[in-house]
Amino acid sequence: MKKATLSPYILWSSLFIIVPLLLVVYYSVTIETPEGIELSLENFKKFFEPIYLKVLWRSIILALISTVICLILGYPAALILAGKSFKRSNTLIMLFMLPMWMNFLLRTYAWLTLLEKNGLVNMIFQAIGLQPLNILYTETAVILGMVYNFLPFMVLPIYSVVSKIDRSIIEAAEDLGANSLIVFLRIILPLSIPGVVSGITMVFMPAVTTFVISRLLGGGQFMLIGNLIEQQFLFVGDWGFGSAISVVMILVILVSIGFMSRFENEEQGGRLW
Amino acid sequence: MVMNFLKRFYVYILFVFLYAPIVVLMVLSFNNSRLRGSWDGFTLRWYIELFQDRQILTSLYYTIAVAVLSSAIATIIGTAAAIGIHNLHGFKKNLIMNVTYIPVLNPDIVTGVALMILFIFLRLRLGFLTMLLAHITFNIPYVILSVLPKLKQLNNNLYEAALDLGATPWYALQKVIIPQIMPGILTGFLFAFTLSIDDFVISFFTTGSGVSNLSITVFSMARRGVNPKINALSTLMFLTVLILLIIVNLRMSKDKNGKGGGNGKNKEISLGARDSSGGGGGLLRI
């Protein structure tokens, strides 16, 4: 009976999880020629043309910039929330999580309303006598959208690691004469690294694969790797090339996970998934 | 004191950054003016227009139909799978768990195009059925991950006692195991339902021929610029998903506090709920 309960899932996951991925790999390493289908690395070679490499490069750079901004904004926030400045930090953490649960598309769309030419941001800027800000459909808007969407992913893992630090370690350091700077540098910072690592992963991954933010806030002119995949499948119809880019994307993700997991400390429980 | 004030000030500034866009969107959905900058008085006009818009009503219908069906089917397959996985050990268990994590870890866009290739390869016409199959696929792992912690808390002796007293395995499953893991099953169902309502990227690639859900409709409207009707629709969608998620998370924290054994897994899921990313996809089907 125990086997019987598992078999529908085994069937389902083979057909809808394993086979599709194998198909992606299959299309990425074959090309259609007049004589039939041939094994070839042509699709990957195409990806390494300068024009497409630039897209990959841009995606990685924009995702990195957003990750760094999230880290700079989020790290202090996580420390403050884990500290004693607030009486109800649980409620505040809930409030940090709320926007994360809301539809990602709508959160991005909200910025479209704010940033457009006669949107609220420009109205306010004009009212206080500033130049109108025309950042919609620029890289700045894409970065803003990424930071806005993914900032909670940075704050939460760092918070959950820092709030678990044993107070007595800090007190011991203080008893031994450490000032708050030394306490931070020698205790809090090293102990928070697992949280920082999973924060970076959780921001970088969705940022590097997005195609919605770049489409809505970048106006289609700032093509990222996600947009390239979308275009190959929906408009160009070049499945081989689209699959090759998908394989590259999976590799980027796997490499990042592998790289990050070397820094992870199982016992600290900084992981969120 | 000053330091404390600065700290609080900093956190409040971040909250303004996180919430201002959403609040502005909601306020503007009641604005009588088409121009977003000026306030022309309170109106429910956009909501009324929203409910007269055929395209939006059709996509609302598809969203709910897919969400109900996919979460129900995923709950059945996922619960059965979790019971099976719970009884596995070693290599087999690792293998199946790793496969289960694939849709959770894969970027949404890759899951989306991979399923699209499969459906076209199988000569299925992209539409309602393919979107439903895709949603079931990405929902099952979340059901499994909600039910497994409950199975770990279960006392195995009860099941054996039932067998000793003459119950058939099927009867014991129904009367002993299922009632005890019910909270996990319900949480998984609600989770799957919410994810399904919220999904954009995977639906975008796996549907076709005029069938679209609300997210896809919003996307295609937003590409043509800002539209007050989307503000109204967004407000309603925000509130719906919010209420659902609050229910799910209240349930989860109750499970955790109540029985003391929810271990890390519950939290992992609730925090990793979305993005989504998406994807936002990204890693967590964030």
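Convention: sequence-line order gives letters A, B, ...; per-chain numbering from 1. Heavy-atom basis, side chains included; hydrogens, waters and symmetry copies ignored.
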Spacing of [X] atom [atom1] and [Y] atom [atom2] [to the nearest 0.5 Å]:
X	Y	atom1	atom2	answer
A:Phe16	B:Leu115	CZ	CG	8.0 Å
B:Leu118	A:Leu15	CG	CG	5.5 Å
B:Asn106	A:Leu21	CG	CG	5.5 Å
A:Leu106	B:Phe200	CG	CZ	11.0 Å
B:Ser234	A:Leu105	OG	CG	8.5 Å
B:Tyr10	A:Leu79	OH	CG	10.0 Å

With the side chain counted from C-beta on, respond yes when [X] and [Y] share a heavy-atom pair under 4.5 Å apart, and no when they do not.
X	Y	answer
B:Leu25	A:Tyr109	yes
A:Leu6	B:Leu88	yes
B:Asp198	A:Phe104	no
A:Ile253	B:Pro107	yes
A:Ile10	B:Ile96	yes

What part of [X] gets within 4.5 angstrom of chain A, counting heavy atoms only: side chain, backbone, both, or neither?
X	answer
B:Val11	side chain
B:Thr100	both
B:Leu14	side chain
B:Phe17	both
B:Ile76	neither
B:Leu233	neither
B:Ile102	side chain

Would A:Thr113 and B:Val24 satisfy side chain to side chain contact (heavy atoms under 4.5 Å, CB included), going step by step from the backbone distance to the final call? CA-CA 9 Å; A:Thr113 350; B:Val24 168; 5.7 Å; no
B:Phe205 ring center near A:Phe211 ring center (under 6.0 Å):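 B:Phe205 vs A:Phe211: aromatic centres under 6.0 Å.
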Using heavy-atom distances under 4.5 Å, tell me whether [X] contacts chain B through its side chain, its backbone, both, or neither.
X	answer
A:Leu92	both
A:Leu234	side chain
A:Leu95	both
A:Ile18	side chain

Residue, of [options], that accumulates the most heavy atom pairs under 4.5 Å with chain A:
options	result
B:Ile120, B:Leu122, B:Thr194	B:Ile120
B:Thr137, B:Ile77, B:Ile22	B:Thr137
B:Ile197, B:Ile85, B:Val218, B:Ile140	B:Ile140

Take atom CZ in A:Phe235; do more than 12 heavy atoms of anything else shown fall under 6.0 Å from it?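 Atom CZ in A:Phe235 is packed in, count exceeds 12.
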Looking at B:Phe121, I'd like to know if its CZ atom is crowded, meaning that more than 12 non-hydrogen atoms belonging to other residues, nucleotides or ligands lie closer than 6.0 Å.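 For B:Phe121, atom CZ is not crowded (no more than 12 foreign heavy atoms under 6.0 Å).
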Heavy-atom closest contact ([X] atom, [Y] atom, distance):
X	Y	value
A:Tyr148	B:Leu18	OH-O, 2.6 Å
B:Ile109	A:Thr209	CG2-O, 4.1 Å
A:Ser13	B:Val99	CB-CG1, 4.0 Å
B:Ala114	A:Pro20	O-CB, 3.4 Å

What residues, two or more places apart in sequence or in another chain, satisfy side chain to side chain donor-acceptor pair (under 3.5 Å) together with A:Tyr27?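 Listed in chain order: nothing, the list is empty.
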As an exercise: rank A:Val155, A:Val19, A:Leu23 by heavy-atom pairs under 4.5 Å with chain B and give me the winner.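 The candidate making the most pairs under 4.5 Å is A:Leu23.
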Tabulate below the donor-acceptor pairs under 3.5 Å that side-chain atoms of residues 241-250 of chain A make, not counting sequence neighbours, or state none.
from: A:Ser243; atom 1: OG; to: A:Trp239; atom 2: O; distance (Å): 2.7
from: A:Ser246; atom 1: OG; to: A:Gly242; atom 2: O; distance (Å): 2.9

Donor-acceptor pair, A:Tyr9 side chain versus B:Thr79 backbone, under 3.5 Å?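 No, the answer is negative, given that no donor and acceptor are paired below the 3.5 Å cut-off.
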